[in-house]
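Reviewing the structure listed below.
Below, all heavy atoms of this structure are taken into account, side chains as well, without hydrogens, waters or symmetry copies. Values in this document were obtained by computation on a predicted structure and should not be read as measured data.
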Amino acid sequence: MTASSRSALRFALSLADPDTADALAERMVPQLLGVLSDRFGLPEEMVEELLGADPVQMRAALTIDPKEWLMAAAEAGDPVVGRALWHAKCRNDAGYQEHAMEEIPGLLATLLYAADLADPRWYEADGLFPLFYEELSGPLLVAILTSGFPAVNALSLAAFAVHLPPPVVVDTCLSQLEIWGSTEPFTVFLSLLDDLPDLDTGHPWLPGLLRRALDVSDPEAFLREHRPAGEWADPEHLRALLALRYGDIRDVPKAKPDGLDWDLIRREHQRLPFGPESPRWPGSRYDTPLHRLVRWEDCPADLMRESLRSYPAGTALDAAELPFEALVGPEAQTREMYLTPVLERGIGSGRYSVDRVLAEVGPAVDVLDSLPYDHAPTRKAVAGLLAWLGTDPVNWLTCYARMGRARGSVAELIVDVTSPDSRKKRCTSWPWPQEAKFPVGHPQNSRAAFLAMFRCATEEVQKAVVPHLDARAVQHLLVFGAPSRAVRDAVVAAHGLPAQAAMAASYHLSQEQMGYLLDLDEPTVDAQLFHHAPLDRPERERLLAGRLRGGGIRPVPGELLAVLEDITVNDYRDWFLAGLESGDLGVARMVVGRLRLHVPASRTRLLIAVWERGGPDAVREILAMDRLPARLKRWTEQVLDAPDGLERLRARLAEEESPAKLTEFLTTTTDPGTRLRRLLAEGYQRPWEGLMAAHHADGLSAPLVNELVEHPDCPRELLLAALATTPETGTDWIRDALRSGRLTLEDLVTWAAPASAALACLRRYTDGRTDAAARQSVRDRAAVLTGEHLGTDVEAWSACLQLLPAFAGTLPELVAAAGEMTRRRSAARPL
């Protein structure tokens with residue numbers, strides 16, 4: 001059965017009155033079994049056996065929670081059911097499948113508690129227990145080890161004891177005594193060890209303990225005497241441990257369970273390591289049990305340090321509380337950490353002293369690049385250290401030169417730079433200077449660290465140092481350093497127009513920065529802004545028109561034309577289109593020469609703009625390029641010398657821009673989607689007036705309608721028309737229209753076709769966020785339709801469900817057709 005068929009059957013049984021629903025269920029038992037099999041993840045024959053082949057019970061099972069039903073099935077303790085449950089993947093109401101053993105806590109334990117473990121079917125080759133022995137790692141192992149299964153027999157103890165803490169292994173031995181009523185499992189276990197000398201149980205003391213238990217009169221009392229009291233007695237503690245080792249990350253508790261002693265965890269780590277040697281993913285640094293463990297608050301420092309050694313980056317990111325000691329000392333691995341979130345969390349929460357971070361944590365370049373500078377005490381502490389550098393540029397240049405190799409703290413770096421006894425070389429100019437980069441990238445390494453600390457310096461210091469920065473540092477300061485206006489003026493005074501042009505070559509400029517640069521009306525700066533800054537369409541149009549921010553107009557400078565010459569048309573088509581109505585001859589030549597204009601009106605608009613600014617001779621230059629359609633070229637050449645030539649060109653544009661002409665442009669093609677995108681790109685809106693006229697006259701093609709409905713301003717009439725070809729998988733535009741209120745669920749009932757797609761969309765787009773009144777309205781409408789056409793006639797309901805998969809019409813048409821077909825059949829039967 002398809003998803004729509006399953007939904008239809010469930011919906012039909014919920015709509016029909018109880019007697020009709022029972023009769024329909026009895027008639028459609030095979031289909032109903034298929035629905036339930038899919039819902040519970042069990043074979044159809046097993047569902048039938050568990051429900052007793054009773055259609056009424058089957059119908060009732062449609063509404064029960066799958067997890068609740070499977071738990072009830074487990075309570076039967078049947079070995080055949082047990083194997084099926086092991087493979088079951090139940091489907092929830094959202095349509096997702098979940099592995100029952102993983103998703104239903106206690107399912108396996110319930111099954112085994114109810115089982116008769118003397119039944120040989122558990123141990124047969126196709127039984128459940130052999131499957132357990134294949135599951136030696138992964139989330140299902142958590143279910144196995146917390147279900148009590150290792151207590152069943154000697155083989156289970158041999159296979160799974162390695163995963164359990166020693167007290168739990170003793171508990172397992174006690175359970176075997178209780179289950180079997182004798183010490184026979186111990187004898188078998190010891191025999192296994194003799195036959196398999198390489199078998200590692202994970203507990204070298206266990207064989208000796210069991211041998212001694214065989215020699216005492218009361219094995220149970222002996223084992224209890226050797227079990228540490230209170231250790232791993234809480235089932236939740238064991239589940240947490242096993243989830244750490246083998247479960248999915250979502251299975252691991254967010255915090256250490258109450259009462260679980262860290263010493264017990266340490267002992268388990270010593271017995272079976274939590275780190276990269278972990279048995280689940282041996283050799284992996286990622287998502288090890290140890291890495292999961294550091295997410296718990298109060299994780300001991302020794303475990304934290306060990307996790308840092310094996311996976312410093314992930315540990316630093318995920319640790320609930322990274323102790324300050326992890327950042328200092330010979331074992332510190334700050335270079336391998338993500339230091340920024342560590343310092344942000346530690347300083348922001350008050351666990352780390354800013355002064356201590358600056359004094360003790362290294363290397364200085366990483367610390368300076370990672371400090372939370374939006375934290376006022378941090379800025380103040382850094383500024384206090386920088387005061388030692390003063391206004392002497394040599395100190396600052398020397399500091400930059402030395403920070404890349406310094407391994408000590410920020411404070412140690414400053415002391416080294418300012419020490420009068422130092423014999424190291426001091427820098428009087430910028431070391432290893434670099435030119436500005438076009439476009440600029442974020443500063444890295446020493447440059448990032450220098451800029452970060454430089455921003456904490458006083459304005460007086462900054463103005464004294466900026467004349468000595470290299471071009472790249474100047475660019476970084478202007479773009480990313482947020483200098484004051486006074487400092488920015490000092491930079492420009494020292495480095496001139498090249499500094500402003502370098503600043504303009506960035507996508508990261510704020511509105512204030514772009515306003516400052518645009519107000520300059522400098523051709524070089526404007527070209528860099530046009531090429532690299534996030535300018536909006538009106539600003540690009542202004543630049544390509546040559547209009548100045550300070551007033552007036554000029555020919556578009558060569559620097560800006562060079563940008564248009566350099567960029568790729570396919571990647572920056574919108575930038576060329578921003579010059580469509582510029583009128584500047586250089587821009588128009590670039591647009592016509594490099595760009596193909598698809599909308600006839602766009603070509604006319606360009607010619608009018610050129611004529612208005614440069615006269616008929618400028619238009620002749622554009623026509624001479626032979627890049628416009630021959631018919632437009634001939635017509636324009638005829639009107640160039642006419643007194644009313646420009647007016648005639650404007651009249652032609654008005655005709656080409658009419659809704660009827662724009663609609664004709666969209667409808668005379670087999671690829672309306674491409675034409676619609678071209679129309680919008682060249683500055684036109686969707687001509688709804690013309691489109692609706694064409695829709696009423698001859699109808700729009702389905703491909704064009706499917707393109708139009710994607711737009712939020714699409715008329716409702718077209719939305720309803722598009723529902724006639726609803727895909728089974730639904731579409732984004734239907735979802736968006738329902739959320740915005742432009743369509744309702746009842747519209748899907750009334751207009752969506754085919755009927756199977758309508759039903760699928762109703763199920764897909766009806767969830768907990770859908771208004772309850774809207775859901776009830778759909779049910780009421782469906783009840784009225786089925787009551788009118790199907791009534792209590794089981795034949796009619798059955799016919800409706802049989803017609804659904806191939807029916808091309810809407811849901812109301814389907815229900816009416818089923819009712820009519822049934823009535824005709826009834827009338828044709830002999831009395």
Report summary line: Nearest heavy-atom contact between A12 and W797 is O-CZ3, 3.7 Å
Query raised in the report: Looking at T810 and V749, what are the two nearest heavy atoms and their distance?
Result: CB-O, 4.5 Å
Query raised in the report: Would you call R27-E795 a salt bridge at under 4.0 Å N-O?
Result: yes
Query raised in the report: Is R716 salt-bridged to D747, going by a charged N under 4.0 Å from an acidic O?
Result: yes
Requested in this report: State the CG-SG distance between D736 and C714, to the nearest 0.5 angstrom.
Outcome: 12.5 Å
Query raised in the report: Between L679 and Q685, which heavy-atom pair has the shortest distance, and what is it?
Result: CD2-O, 3.8 Å
Requested in this report: State whether R677 and E707 are salt-bridged, where the test is any N-O pair (Lys NZ or Arg NE/NH1/NH2 against Asp/Glu carboxylate O) under 4.0 Å.
Outcome: yes
Query - Point-to-point distance, once rounded to the nearest 0.5 Å, from CG of L811 to CZ of F11 - result: 8.5 Å
Query raised in the report: Does R594 make a cation-pi contact with F576 (under 6.0 Å, within 45 degrees of the axis)?
Result: no
Requested in this report: Determine whether more than 12 heavy atoms belonging to other residues, nucleotides or ligands lie under 6.0 Å from atom CG of D698.
Outcome: no
Report task. Run the salt-bridge test on E682 and R675 with the 4.0 Å N-O cut-off and return the result as yes or no. Result -> no
Query raised in the report: Are R542 and E539 within salt-bridge range, i.e. N to O under 4.0 Å?
Result: yes
**Report entry** Over 12 non-hydrogen atoms of neighbours within 6.0 angstrom of CD in Q776
**Finding:** yes
Query raised in the report: With no hydrogens and no angle check, do the side chains of R764 and T729 hold a donor and an acceptor under 3.5 Å apart?
Result: no
Requested in this report: Could you tell me whether the side chain of R603 and the main chain of H598 form a donor-acceptor pair under 3.5 Å?
Outcome: yes
Query raised in the report: Judged by modelled atom types alone, do H789 and E820 share a side-chain donor-acceptor pair under 3.5 Å?
Result: no
Query raised in the report: Taking NZ, NE, NH1 and NH2 as the nitrogens, is one of them in K661 or E656 under 4.0 Å from a carboxylate oxygen of the other?
Result: no
**Report entry** Carboxylate-amine/guanidinium contact D287 R292, below 4.0 Å
**Finding:** yes
Requested in this report: Identify whether the distance between the nearest side-chain nitrogen and carboxylate oxygen of R121 and E124 falls below 4.0 Å.
Outcome: no
Report task. Tell me, yes or no, whether the heavy-atom count around E49 atom CD, taken from other residues, nucleotides or ligands under 6.0 Å, exceeds 12. Result -> no
Query raised in the report: How many angstroms lie between CE in M101 and CG in L141, if you round to the nearest 0.5 Å?
Result: 13.5 Å
Report task. Assess the side chains of Q802 and S798: does a donor N or O sit below 3.5 Å from an acceptor N or O? Result -> yes
Query raised in the report: Is the count of non-hydrogen atoms from other residues, nucleotides or ligands lying under 6.0 Å from W69 atom CH2 greater than 12?
Result: yes
Query raised in the report: Do E657 and Y684 have a side chain donor and acceptor closer than 3.5 Å?
Result: yes
Query raised in the report: Can a donor-acceptor pair be found between the side chains of T20 and D17 at a distance below 3.5 Å?
Result: yes
**Report entry** Over all atoms of both residues, closest heavy-atom pair of G82 and L111
**Finding:** CA-CD2, 3.5 Å
